[in-house]
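One-based numbering along the sequence shown. Both counts, for ligands and for their atoms, begin at 1 and track the order of listing.
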Amino acid sequence: MQIKKVGVIGCGLMGRGIGEVSARAGFDVVVSEVNQQLLDKGLAAIDASLAKGVEKGKVTEADKAAAMGRIKGTINVQDFKDCDLVIEAAIENLELKKKIFGDLDKICVKDAILATNTSCLSVMDMAAVTQRQDKVLGMHFFNPVPVMKLLELVKTIATSEETLSAAKAFGQSVGKTVVTAPDVPGFIVNRLLMPFLIEAVRLIESGLATREDIDQAIVLGLNHPMGPLTLADFVGLDTAYFICNAMYDEMKENRFAPPVLLRKMVTAGQYGRKSGKGFYDYK
Ligand code: 3HC
């Protein structure tokens with residue numbers, strides 16, 4: 001099937017990035033939020049990101065205006081009815097996501113593909129509440145979406161090859177390199193990333209190395225753009241904690257168990273960059 005109109009549920013950090021790259025690639029886009037205030041905030045953030053693209057010479061003023069013109073904001077889920085692809089980027093709560101998939105299944109045209117941007121939850125659990133399991137898959141984008149080149153496509157045991165190839169064509173048309181990942185907690189990237197991040201937290205927790213030395217070692221020794229503690233702050237410590245717990249709950253393997261320090265920081269509201277404090281101070 002040919003994808004022309006794309007729906008994005010959620011206009012937070014990930015949803016707005018997915019909306020932005022889709023509109024820039026020429027798709028008609030509908031983005032939704034739970035209320036008008038959050039929707040306005042999300043749309044303003046898309047505009048600001050495109051303005052940054054203009055400033056950096058990656059986007060022209062005309063392309064920015066055209067992209068914004070292709071994006072329609074809504075707080076009404078019925079507006080997804082004629083989308084060919086809907087990507088859910090709501091908060092990481094399986095029950096909420098299942099409810100969204102159940103609603104979309106009733107509202108959307110029968111051929112529409114339903115995707116989730118979940119970072120770690122079971123895609124099959126979302127597919128199972130629909131009457132179109134073959135048309136459900138994971139489309140896991142990376143933050144910041146306009147800049148990161150990867151898209152993980154998560155194929156469940158029920159996803160059809162036709163759905164996978166339509167999603168692959170879409171991913172490539174929004175400028176991403178696509179990999180196919182299994183429907184296991186963390187897929188490929190977070191399966192490898194989270195043990196790495198929490199091992200850095202364990203080094204701090206046990207007082208064996210400083211945050212600066214850990215980060216500098218990885219930036220200079222492995223050529224990563226950010227050290228693991230800076231990256232954990234960037235991803236959000238609450239998000240990293242959630243993903244580790246989801247992986248641990250499903251697999252019961254200690255390597256995924258979040259360290260106590262991470263839990264305490266999350267409890268203290270130290271979420272990293274978004275809250276102004278994590279392993280580093282951002283105030
Ligand atoms: N559209 C297009 N291009 C844009 C843009 C936009 N809206 N905004 C910025 N850019 C371009 C810039 O022009 C620049 O391009 P250049 O390298 O060719 O000059 C590039 O994007 C980088 O932009 P900045 O100069 O603003 O930023 P930095 O160079 O400081 O890099 C960073 C910032 C991209 C965040 C970099 O530090 C990085 O790659 N960090 C690691 C990020 C990462 O690992 N993300 C994945 C997190 S894990 C995840 O998301 C999964 C989840 O499930 C947890």
Are side-chain heavy atoms of [X] and [Y] found at a separation under 4.5 Å?
X	Y	result
Thr116	Met139	no
Phe170	Lys176	no
Arg132	Ile113	no
Glu88	Leu114	no
Pro144	Phe234	yes
Leu13	Asn143	yes

Fill in the blank from the handout: At under 4.0 Å between heavy atoms, what of Ser49 touches ligand 1? The answer is both
Handout entry: Thr239 contact mode with ligand 1 (heavy-atom cut-off under 4.0 Å)
Key = neither
Do protein heavy atoms approach [atom] to less than 4.0 Å?
atom	result
atom 29 (O) of ligand 1	no
atom 32 (C) of ligand 1	no
atom 39 (O) of ligand 1	yes

Practice task
Please indicate whether Leu222 has more than 12 foreign heavy atoms, meaning atoms of other residues, nucleotides or ligands, lying under 6.0 Å from its CG.
Solution key: yes
Exercise for the section: Please report the shortest heavy-atom distance between Pro258 and Asn245, naming the atom on each side. Expected result: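 That closest heavy-atom pairing would be CG-OD1, 3.4 Å.
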Quick one: nearest non-hydrogen protein atom to [atom], plus distance?
atom	result
atom 17 (O) of ligand 1	Lys58 NZ, 4.8 Å
atom 36 (C) of ligand 1	Pro225 CB, 4.1 Å
atom 52 (C) of ligand 1	His140 NE2, 3.8 Å
atom 26 (O) of ligand 1	Lys52 NZ, 2.8 Å
atom 8 (N) of ligand 1	Val147 CG2, 4.0 Å
atom 44 (O) of ligand 1	Leu231 CD1, 3.5 Å
atom 54 (C) of ligand 1	Val235 CG1, 3.6 Å
atom 49 (C) of ligand 1	Phe142 CD2, 3.5 Å

Charged N-O contact under 4.0 Å between [X] and [Y]:
X	Y	value
Lys277	Asp233	no
Glu20	Arg24	yes
Lys135	Glu162	no

Practice task
Please name all residues satisfying salt bridge (charged side-chain N to carboxylate O under 4.0 Å, His left out) with Glu33, sequence neighbours left out, ordered by chain then number.
Solution key: none
Problem - Options Val189, Leu193, Asn143, ranked by nearest heavy atom to atom 42 (C) of ligand 1, top entry - result: Asn143
Problem - From the candidates Arg24, Met14, Lys56, the one that places a heavy atom nearest atom 25 (O) of ligand 1 - result: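 Result: the heavy atom closest to atom 25 (O) of ligand 1 is in Lys56.
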Against heavy atoms of [X], which atoms of ligand 1 measure under 4.0 Å?
X	value
Pro146	1 (N), 6 (C), 7 (N)
Ser119	53 (O)
Met226	37 (O), 40 (N), 41 (C)

Practice task
Just say parallel, tilted or perpendicular for the rings of His140 and Phe142, cut-offs at 30° and 60°.
Solution key: tilted
Heavy-atom gap [X] to ligand 1 smaller than 4.0 Å:
X	answer
His224	no
Asn190	yes
Glu20	yes

